[in-house]
Undergrad: 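What follows is a single structure, and I will ask about it in a moment.
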Amino acid sequence: MACTEEAKLEHFLQWLQVNGAQFRGCKIKYCDSTKGFGIYSTNGSPEDGVLLVVPLDLAITPMRVLQDPLIGAKCRAMFEEGEVDDRFLMILFLIVERLRKNSSWKPYLDMLPTTFGNPVWFTDDELLELRGTTLYRATELRKKDLMSVYEDKVKELVKKLLVLDGDSESEVWFEDFLWANSIFWSRALNLPLPHSYVFPQIQEDVGTTCPVDKISEGSTSHSCSEEPINEINGKRFEAHGNDSKVNGVTSTSKQEETVWVEGLLPGIDFCNHDLKAVATWEVDGTGSITQIPLSMFLISALQSPLPVDKEVSISYGNKGNEELLYLYGFVVDNNPDDYLMIHYPGEAIQNISFSDFKGQLLVAQKAAMRCLLPKNLLDHGFFATGSSNCKANNTSEANDRICNFSWSGHRKTPSYLSKLVFPEDFMTALRTIAMKVEEVSKVSAMLEELVGTEGERQPSETEIRTAVWEACGDSGALQLLVDLLQKKMMDLEESSGTEDSDSELLENACVIGNAEQQTSKEANNLVQQKLMSRNRWCSIVYRRGQKGLTRLFLKEAEHALQLSLSEGN
């Protein structure tokens, strides 16, 4: 690590300690060029397992921004008018503090990364590696949205806020906004804070209100800002957290309820992700655990003491590579939490027969036009190699569905039902969309029979689903599903070749930035290996996983279709 980096780290550690943070069994140090800085265990881990304690007053939260002596008043006015939301407040705060010449947050901000591995930071050539994947289109839209928000709102707003500090000369660039946006999404935690900490006025039993009163609702809606929400095909992302809790809260009064607020906590946010996390974080409301009231602490999750110099990792949650790459800029090879997203394009509904009638049925059945297919669904499919627990869960779901399969008794419950891995809400949508002319007539007749000549009542969601099943069975839906999966595989392979070709690229790759991890023997083989950027490597790992999942789910769908046809469903 260069001297300048060592100096930044030393300055940051001093800043943390001056502001009340306590290192009790860990230290922050440089990991490598991929991870940057991380937290590592030290000698003499404490018996209670508490490794690091940071006062909540160091957290960057919406309350912090609204109460800031420099920009708080201006931000409160915008917040009350609905011009900005809580996330946008924190992103603004990061930009302003980064550009201020004498920011009190400088020691922390200097430690944060300046570039990222998520796709909005990719070069044009690196982004091409994602062609054919869901992420490619999502990234193009995201960059366009971010640029629009920057030009329409951020640029002038940050300049106005800087003028409050007497700075009328600093330039604001798109990269400043992109940096702050990436810092928030890659480092923010979902913090379970005591109600009395978020709303201190209530403790004083004062009848007046404060702008932060809106935050408990705004933290989940995020609807009032022009800042684009992070989502891919309707899957919305939130700040990461773990199985955290508030300690020392025993009262059931309004004051001591938990309020979930997104925010950044310097120090603890240097924990990196691992599937086998060795630590978790919790909030200590009263100081009963850490002797520091209103603090957050990092605690070992292991039964035995941590080995010296072991990285203290936490889990960001059960996230697939699509989400990890999009938000955090890294992937996990052979990720057990990977998933495949399948959707039927909504705009295509207008081009199918009986589109209006089918559209009404889709709404009435609360059918899903898209679905996530987690890898672990395959553990209880037709070609399962997984655990018995997964099979038991699927059998239970199948039993729930069987109760809907009765109308006239002409169509029997499928023998394959307990092995079908595709969500019923999505299958319901596909059955409805795939209905033929005679099937539409049958459904219409059955529903008219229920409603009666005078329209005495409306059919329930279950009754409509049952009618559609009775008329259609599964074969039309499964054929449409096979078509969707084949189209997805074609898009993936047309852009970047087969799954095997991706595996060959990864086997022969020398990832730039990891040279210090190469052994001397590996270094001698660099001539035979192909140099590859970390971003490109992540893209190939992600898209190979998508191809693998598409292949496996397509196999499941094709087999289910064969069985459905053979059983007359």
Undergrad: Quick one about Glu322 and Tyr542 (side-chain donor to acceptor, distance below 3.5 Å, no hydrogens or angles considered), yes or no?
TA: yes

Undergrad: Quick one: CG on Asn181 to CD on Glu175, what's the gap to the nearest 0.5 Å?
TA: 13.0 Å

Undergrad: Looking only at the side chains, is there a donor atom on one of Trp179 and Thr114 sitting less than 3.5 Å from an acceptor on the other?
TA: no

Undergrad: If only side-chain N and O atoms count, and only distance matters, is there a donor-acceptor pair under 3.5 Å linking Asn535 with Glu126?
TA: yes

Undergrad: Partners of Asp176 by side-chain contact (heavy atoms from CB on, under 4.5 Å), sequence neighbours excluded?
TA: Ile95, Arg98, Leu99, Val172, Trp173

Undergrad: Taking all non-hydrogen atoms of both residues into account, name the closest pair between Thr290 and Ser295 and its distance.
TA: OG1-OG, 3.2 Å

Undergrad: Please report the interatomic distance CG(Leu92) to NZ(Lys153), rounded to the nearest 0.5 Å.
TA: 8.0 Å

Undergrad: Report the distance from atom CG of Leu162 to atom OG of Ser170, rounding to the nearest 0.5 Å.
TA: 5.5 Å

Undergrad: Can you tell me how far the CE atom of Met90 sits from the CD1 atom of Ile183, to the nearest 0.5 Å?
TA: 13.5 Å

Undergrad: Just checking, any donor-acceptor pair under 3.5 angstrom between side chains of Ser103 and Glu97?
TA: yes

Undergrad: CD of Glu6 to CD of Glu10: how many Å apart, nearest 0.5 Å?
TA: 9.5 Å

Undergrad: Grab the two heavy atoms, one from Val283 and one from Phe297, that are nearest each other, plus how far apart they are.
TA: C-CE2, 4.2 Å

Undergrad: Can you name the closest pair of heavy atoms from Gly25 and Pro46 and give their distance?
TA: CA-CD, 3.9 Å

Undergrad: About how many Å separate CZ of Arg543 and CG of Asp502, when rounded to the nearest 0.5 Å?
TA: 4.0 Å

